[in-house]
There are 2 protein chains.
Amino acid sequence: MTEQLNRIKERLKSKGYKLTPQRETTIRVLLQHEKDHLSAEEVFLLVKEQFPEIGMATVYRVLDLLTELHVVQKVNFGDGAARFDLRQANSPHLHHHLICTECGNVEEIMDDWLLPLEKRIEREYGFTVTDHRLDFQGICTECRVKERDKNKANNKCKAVS
Amino acid sequence: MTEQLNRIKERLKSKGYKLTPQRETTIRVLLQHEKDHLSAEEVFLLVKEQFPEIGMATVYRVLDLLTELHVVQKVNFGDGAARFDLRQANSPHLHHHLICTECGNVEEIMDDWLLPLEKRIEREYGFTVTDHRLDFQGICTECRVKERDKNKANNKCKAVS
DNA sequence: ATCCGTGCAAAGTGTTTGCAGCGTT
DNA sequence: AACGCTGCAAACACTTTGCACGGAT
C-alpha cells in the first residue's frame with residue numbers, strides 16, 4: 001500500500017507534476033477505498049475529513065490527472081455520476097463488474113478472461129487495445145431471493161382476496 | 001425493418017402504452033440509424049425534422065420507455081452524454097465496441113464471445129445475467145498511421161534545428 | 001518573477017420534473 | 001370524467017471554467 005503510493009508519487013514526478021497535500025490526500029483516500037467505486041463527490045467528502053479546506057474543483061482536477069496517469073479509470077455505471085476505479089498495480093487487466101439492477105450493488109470479479117480476445121482484435125481489426133471494460137447487469141443472489149419471497153407474498157394475498 | 005417496427009409496436013401495446021406519432025417517429029429514426037450511436041440530442045434533432053413540434057422532454061421520455069422495453073440500450077462512452085443502441089432483434093447478444101481514444105470513432109463488432117462467460121458467472125457467482133457490455137478502448141488503424149506520420153515529421157524538424 | 005496549483009463562485013451541460021392543456025376512451 | 005401523453009420552462013445534478021491568490025522554484 002505504501003509501495004503503491006510511492007509508485008504513484010513517482011509517476012506524478014516523472015511527468016512534472018507536483019505532489020501537493022491535496023493530491024496526496026486524494027490518492028490516500030483512493031487507496032484506502034480500493035474496493036469501492038467512489039464518485040467524485042464521495043472522494044471529496046472523504047478527503048475533506050482529512051483536509052477540510054479542499055474544494056470540489058480540486059478533487060475533479062486531481063481525479064482527471066490520475067486518470068491521465070492511468071492510476072485510476074473513470075467508469076460509469078449509469079447512475080448519473082462518474083466513478084473512479086483504482087487500477088491494478090502492474091497488471092494490464094482491469095476487473096470486471098457484476099451490477100445488480102435491483103439493489104445497485106456492484107461486485108467485482110478479477111478473472112482474466114479477455115486477453116485472448118484482445119489479441120484477436122489486434123489481429124483481425126488492426127485495433128490496438130489499451131483498455132477494456134466488461135460489465136454484466138443482472139440480478140444478484142440476494143435480490144433474487146427477495147424477489148421470490150415477494151412474489152410468494154403477493155400470490156398469498158391474491159388467493160385471500 | 002417494417003418487421004422490426006411492428007415487433008416494437010406490439011411490445012408497446014402489450015405493456016399498455018400507446019403508439020403516439022412522437023413515439024412512432026422516434027422509433028423510426030432509431031431504426032434508420034441502427035448503426036450509429038445516437039445521443040438524446042441527436043435523436044431529438046432527427047425527429048424534429050419529421051415532427052417539428054416535439055420537445056426534448058418527450059424524446060427523453062420515449063427513450064426511457066424504449067430502454068425499459070429493452071428495445072434500446074443506454075450506453076455511455078464517456079463523452080458526457082448517454083447514447084442509445086438499438087438491440088438486436090431476437091438475439092440476446094449485444095454487440096461490442098472498439099472505441100478509439102484519439103478520434104472518438106466507435107466501431108462495432110458482432111462476435112458472440114461472452115455466452116460461455118455468462119454461464120460461468122451464473123454458476124460461480126449465483127448472479128443472473130440479463131445484459132452485458134464489452135467495450136475496448138485503444139487506437140484505431142487510421143489514428144495509428146497518423147500518429148506515426150506526425151512523429152516522423154517531428155523528428156525531421158528536430159534534426160533540422 | 002514566473003509558474004503551478006488552489007479555492008471559490010459562476011457558468012455549462014445533459015437530464016428530469018411540475019404543470020397546464022389536449023385527445024382518447 | 002378520467003387518464004395517458006405532450007410541450008414548455010424551470011429545476012436539477014454533475015462537471016468545468018475563469019480568476020485572483022498563494023507558495024514553491
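From a predicted model like this one, the values you see are computed outputs, not experimental measurements. Here is the naming used below: chain letters follow the sequence lines, and residue numbers restart at 1 for every chain. Hydrogens, waters and symmetry mates play no part in the numbers below; they use all other heavy atoms, side chains included.
- For DNA chain D, no neighbouring residue in residues 46-56 of chain A is found when judged by any heavy atom under 4.0 Å.
- A/Phe44 places its CZ atom 16 Å from the P atom of D/dA13, with the value rounded to the nearest Å.
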Can you tabulate the close N/O pairs, meaning under 3.5 Å, that link protein atoms to atoms of nucleotides 3-5 of chain C?
{"unit_1": "C/dG5", "atom_1": "OP1", "unit_2": "A/Lys18", "atom_2": "N", "d": "3.1"}
{"unit_1": "C/dG5", "atom_1": "OP1", "unit_2": "A/Arg23", "atom_2": "NH1", "d": "2.9"}
{"unit_1": "C/dG5", "atom_1": "O5'", "unit_2": "A/Arg23", "atom_2": "NH2", "d": "3.3"}

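- The closest side-chain heavy-atom distance from A/His97 to A/Gln137 is not below 4.5 Å.
- Partners of B/Lys35 according to the side chain to side chain contact (heavy atoms under 4.5 Å, CB included) rule, which considers only residues two or more places apart in sequence or in another chain, do not exist here.
- B/Tyr17 pairs by the ring-ring contact (aromatic ring centres under 6.0 Å, His included) definition with nothing, not counting sequence neighbours.
- Between B/His132 and A/His96, the ring center distance fails the sub-6.0 Å criterion.
- With rounding to whole Å, B/Asp79 atom CG is found 18 Å from D/dC14 atom P.
- Between B/Tyr60 and the phosphate of C/dT16, there is no side-chain N or O to OP1/OP2 separation shorter than 4.0 Å.
- A straight line from CG of B/Asp64 to C1' of C/dT17 spans 12 Å, rounded to a whole angstrom.
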Using atom names, set out every protein N or O paired with an N or O of nucleotides 19-22 of chain D below 3.5 Å, distance rounded to 0.1 Å.
none

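- For B/Lys74 and C/dT16, the NZ to C1' distance is 10 Å, given to the nearest whole Å.
- Residues satisfying the side chain to side chain contact (heavy atoms under 4.5 Å, CB included) test with A/Thr20, not counting sequence neighbours, are A/Lys18, A/Gln22, A/Arg23.
- Checked against C/dA9, D/dA9, D/dT15, the side chain of B/Ala57 finds its nearest nucleotide in D/dA9.
- Partners of A/Glu24 under the side chain to side chain contact (heavy atoms under 4.5 Å, CB included) rule, at least two apart in sequence or in another chain, are A/Leu5, A/Lys9, A/Leu19, A/Arg28.
- The CG-P distance, from B/Asn76 to D/dA13, rounds to 19 Å in whole Å.
- In this structure, B/Leu63 atom CG and C/dT15 atom P are separated by 10 Å, rounded to whole Å.
- The hydrophobic cluster around A/Ile99 extends to A/Val75, A/Phe77, A/Val106, counting ILVMFWY residues whose side-chain heavy atoms fall within less than 4.5 Å of a member.
- The CD-P distance, from B/Glu68 to C/dT16, rounds to 14 Å in whole Å.
- Partners of A/Tyr60 by ring-ring contact (aromatic ring centres under 6.0 Å, His included), not counting sequence neighbours: none found.
- With rounding to whole Å, B/Glu42 atom CD is found 15 Å from C/dT13 atom C1'.
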Report all side-chain donor-acceptor pairs from residues 119-127 of chain B shorter than 3.5 Å, counting only partners two or more places apart or in another chain.
{"unit_1": "B/Arg120", "atom_1": "NE", "unit_2": "B/Glu124", "atom_2": "OE2", "d": "3.1"}
{"unit_1": "B/Glu122", "atom_1": "OE2", "unit_2": "B/Val129", "atom_2": "N", "d": "3.3"}
{"unit_1": "B/Tyr125", "atom_1": "OH", "unit_2": "A/Asp111", "atom_2": "OD2", "d": "3.3"}

Distance-only donor-acceptor pairs under 3.5 Å for side chains of residues 43-57 of chain A, two or more places apart:
none

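- Every residue meeting the side chain to side chain contact (heavy atoms under 4.5 Å, CB included) condition with B/Asn105, not counting sequence neighbours, appears here in chain and number order: B/Cys103.
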